[in-house]
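When a ligand or atom number is given, it counts from 1 through the structure's own listing order.
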Amino acid sequence: MRITVLAGGVGAARFLRGLRAAVPDADVTVIGNTGDDFTPFGLPVCPDLDTVMYTLGGGISEEQGWGRAGESHAVLGELAAYGAGPAWFGLGDLDIATHILRARLLAEGLPLSAVTKRLCERWQPGVTLLPMSDDPVRTHVTVQLDTGEQELHFQEWWVRLHAAVPARKIEAVGAAQARPAPGVLEALADADFVLFPPSNPVVSIGVILAVPGIAKAVAAQTVVGVSPIIGGAPVRGMADACLAAIGVQTSAAAVAAHYGPGLLDGWLVDEQDKEAVDAPELAGIEVRSRPLYMTDVAASAEIASAAVDLALELRR
Ligand code: FO1
């Protein structure tokens, strides 16, 4: 069975850990969002790719959901002693090694897809991890500050401002000119089906779909998604702040309606949201309700298994 998954960070990584447990023999390709990529101190950090790689490779900090287990912050402390920031972006020493190597390989001329493959040789995530594009795409968020309107890098809004300042606009800068990374369109065309994990519909899945060619390739497939919204609130992160910026309500049904029946064939919602099963605005999308909290790997595996079963049932 060949499965292709579009992935953001923590929610996707935990779902993928469940998917690997649920269907260990499946050939899984993960297309990761790179709109969150950030370059503090000149170091190329790819938060979503790294979160998937560390989680599946057994190196993730389980408490944070991102970054390395057993981390220390000596380098950041030394940089702060020089008055060099950003101090608000918690780069750990172990994690920095990944970014130093990524910087070297990129400087040698390797594209991000080849660099990611090289990094995964160490972590053996058990999936093929591809960046959505080798071309730079950066998610920018426009906010109104006391100093006037400002366009911020996504991480500055998300981590420094905790997404507490309302976003007026969220834009994937460079997406329109970006090409899908090698293997991305093939993985979508050759898959038995495509899954959307419970990732942010705007800044994770939405940014991947903004790369020309990807949405069309996804729409041609059977697609089953898992709602990142339970009971009117994001399970993790601040997806509500992102949905508000594009005028979509924070509900499991509204997110499915936002993707629409042209993209989604099946949608899993939590039992708290079972009214979505018969929602008229979701005509053309097969909606099923079940427990969706990924409390541990076993619970994630059950959710992943339900997504796989629904996709097999709906396969065109
Ligand atoms: N998230 C935070 O909330 N605070 C941080 O200091 C932080 C640092 C960080 C460093 C490396 C990395 O790969 C991820 C990091 N994240 C941090 C997570 C990340 O900013 C976001 O959660 C994702 O970009 C959203 O998917």
So, do [X] and [Y] sit near enough that their side-chain heavy atoms are less than 4.5 Å apart?
X: V218; Y: L209; answer: yes
X: I205; Y: P197; answer: yes
X: F41; Y: I96; answer: no
X: E313; Y: R288; answer: yes

Starting from [atom], locate the nearest protein heavy atom and write down its residue, its atom name and how far away it is, to 0.1 Å.
atom: atom 22 (O) of ligand 1; answer: W158 NE1, 3.4 Å
atom: atom 19 (C) of ligand 1; answer: Q155 OE1, 3.7 Å
atom: atom 13 (O) of ligand 1; answer: P47 CA, 3.3 Å
atom: atom 6 (O) of ligand 1; answer: G90 N, 2.7 Å
atom: atom 25 (C) of ligand 1; answer: D36 OD2, 3.1 Å

Return a yes/no value for D48: is any of its N or O atoms, backbone included, closer than 3.5 angstrom to an N or O of ligand 1?
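It does: an N or O of D48 is found under 3.5 Å from an N or O of ligand 1.
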
Backbone or side chain, does any N or O of S204 fall under 3.5 Å from an N or O of ligand 1?
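N/O-N/O distance under 3.5 Å: no.
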
Using a 4.0 Å heavy-atom threshold (strictly under), name the region of [X] that reaches ligand 1: side chain, backbone, both or neither.
X: W66; answer: side chain
X: D95; answer: side chain
X: N33; answer: neither

Passing candidate, side chain to side chain contact (heavy atoms under 4.5 Å, CB included) with W267, options V223, V255, V226
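One option only clears the test, and that one is V255.
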
Which atoms from ligand 1 have a heavy atom of V159 less than 4.0 Å away?
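Ligand 1 atoms under the 4.0 Å threshold to V159: 1 (N), 2 (C), 3 (O), 4 (N), 5 (C), 6 (O), 20 (O).
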
Are any of the side-chain nitrogens in R118 or E108 under 4.0 Å away from the carboxylate oxygens of its partner?
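Salt bridge between R118 and E108, a charged N being under 4.0 Å from a carboxylate O: no.
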
Looking just at side-chain N and O atoms, do T222 and D265 make a donor-acceptor pair shorter than 3.5 Å?
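D265 and T222 do not have a side-chain donor-acceptor pair below 3.5 Å.
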
Tell me whether ligand 1 is touched by W88 - counting only heavy atoms on the residue side and a distance under 4.0 Å.
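In this structure, W88 qualifies as a contact of ligand 1 - some heavy atom is under 4.0 Å.
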
Exercise answer: donor-acceptor pairs, residues 45-52 side-chain atoms, under 3.5 Å, sequence neighbours excluded:
unit_1 : atom_1 : unit_2 : atom_2 : d
D48    : OD1    : G9     : N      : 3.4
D48    : OD2    : N33    : ND2    : 2.9
D50    : OD1    : R102   : NH2    : 2.5
D50    : OD2    : R102   : NH1    : 3.3
D50    : OD2    : R102   : NH2    : 3.3
T51    : OG1    : P47    : O      : 2.7

